[in-house]
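As structure tokens, the structure follows; a few thoughts come after it.
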Amino acid sequence: MAQKFRKIGVLTSGGDAPGMNAALRSVTLAALSRGVEVVGVMKGYTGLISGELVDLTPDKVANITVNSGTVLYSDRCLEFATEEGMAKAVETCRKNNIDGIVAIGGDGTFRGATDLTRHGVPCIGIPATIDNDITSTDYTLGFDTAMNTVMDMADNLKDTHESHARCAVIEVMGRDAGYIALEAGIAVGAVAIAIPELPFDADAAIARIKAKRAAGARGFIVLVSEGLGGAFGEELTKRIEAETGVESRFARLAHIVRGGKPTLRDRFTAARMGDAAVDALLDGKSNLVICEKDGKIISRDIEYALVLDRMYKKKLKDGDLDKFSAEDVENMKKECEITLDAIKDLYAIANELA
Ligand code: F6P
């Protein structure tokens with residue numbers, strides 16, 4: 001263990017995700033078991049700026065894994081992106097002898113972590129967002145719970161829509177990513193799934209509903225990602241009703257998908273990631289994000305992860321690739337292709353089973 005680590009901080013930031021509390025517990029217990037004190041930073045980077053800290057002890061993190069949300073609360077902090085905000089955050093760390101930070105959240109959280117590292121406070125990130133939209137990792141905390149919630153809600157809608165011979169068009173969160181709609185849609189046997197990553201064939205979906213209705217089917221489920229835009233799901237609902245004659249209802253699940261009891265997958269992965277984050281920090285490493293790749297927990301450079309993510313999302317900024325070798329850039333391109341190919345494969349399965 002690098003000698004200088006006597007106390008670390010842990011924070012949750014950005015949209016909350018089921019499993020954040022389990023990660024918090026893991027970080028706390030892993031650090032305490034190595035003789036390192038832990039403080040929780042309230043309200044994400046906002047609390048780091050204002051110095052809102054709470055000592056974390058085993059009893060403070062006992063029994064928190066069963067709930068979603070985050071006991072440290074969360075925030076999307078704009079002040080942290082300013083020099084003044086950053087200076088105050090660094091000062092909080094200095095005054096309170098915080099030697100390093102574990103930051104739990106999504107890409108905005110990692111941008112904050114990498115800035116903080118640059119200002120002399122070592123940081124390690126843990127990916128937590130229901131969207132599963134961080135390209136460097138196969139899994140982000142909260143995704144499984146969110147999908148299970150969508151599955152339960154869709155099952156409930158299926159019950160009533162079967163009775164009334166209706167079609168439910170369900171819009172789910174995911175920001176610009178369609179993972180929640182795609183995987184939950186396959187699980188509930190959706191007749192059609194629309195996601196931002198791939199073109200949606202509305203005519204084929206309508207023809208499928210008509211054919212199934214003609215063959216005697218009564219209830220239908222269609223899953224739609226919010227990333228397709230505010231009106232997409234509502235428009236599709238009207239179109240299905242008009243062109244198939246099947247009475248249709250639109251349901252936006254919105255934030256309900258962020259709550260609920262975290263699944264085993266989320267709690268277990270949070271435990272592994274929290275432990276790995278503390279290991280990395282106390283080994284003297286920083287500016288890393290903990291990732292799950294092919295079932296293994298690994299760590300990757302945050303800046304590499306952020307640029308890879310922007311490449312995948314086609315949001316590269318000028319100069320983003322300059323500090324990476326030609327080989328790195330090639331590998332990033334390959335990883336983007338693999339990520340999209342995996343979605344195409346799943347989408348093909350979804351259509352086959354629709
Ligand atoms: O990133 C998580 C997420 O729940 C997205 O799926 C969604 O688009 C967004 O956050 C909603 O943000 P807010 O909670 O600020 O409305």
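These numbers come from a predicted model, not from an experiment. Ligands are counted one by one from 1 in listed order, and the atoms in each one are counted from 1 as well. Side chains are part of it too, since the values below use all heavy atoms of this structure and drop only hydrogens, waters and symmetry mates.
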Quiz item: With a 3.5 Å cut-off and no angle check, do the side chains of Asn287 and Thr114 form a donor-acceptor pair?
Solution: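 Checked: Asn287/Thr114 side chains pair up, N/O donor to acceptor below 3.5 Å.
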Quiz item: Under 3.5 Å, is there a donor-acceptor pair between the Asp266 and Tyr139 side chains?
Solution: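 Yes, side-chain donor-acceptor contact under 3.5 Å.
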Self-check item: Residue shell around ligand 1, heavy atom under 4.0 angstrom
Solution: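 These residues qualify: Arg76, Thr129, Ile130, Asp131, Met173, Gly174, Arg175, Glu226, His255, Arg258.
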Practice problem: Please report the C-alpha distance between Val289 and Ile302 in whole Å, then the side-chain angles of each, then the deciding distance to 0.1 Å, and finally whether the side chain to side chain contact (heavy atoms under 4.5 Å, CB included) criterion is met. | Solution: CA-CA 5 Å; Val289 56; Ile302 292 191; 4.1 Å; yes
Quiz item: Do Met151 and Leu346 belong together in a cluster built from hydrophobic side chains that touch within less than 4.5 Å?
Solution: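 Looking at the clustering, Leu346 is in the same group as Met151.
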Quiz item: Counting distance only, does the side-chain N/O of Arg213 pair as donor-acceptor with the main-chain N or O of Arg218 below 3.5 Å?
Solution: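 Between the backbone of Arg218 and the side chain of Arg213 there is a qualifying donor-acceptor contact (under 3.5 Å).
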Exercise. Determine the interplanar angle of the Tyr45 and Phe80 rings, folded into 0 to 90°, and report it as parallel if under 30°, tilted if 30 to 60°, perpendicular if over 60°.
Key: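 Aromatic pair Tyr45/Phe80 classed parallel.
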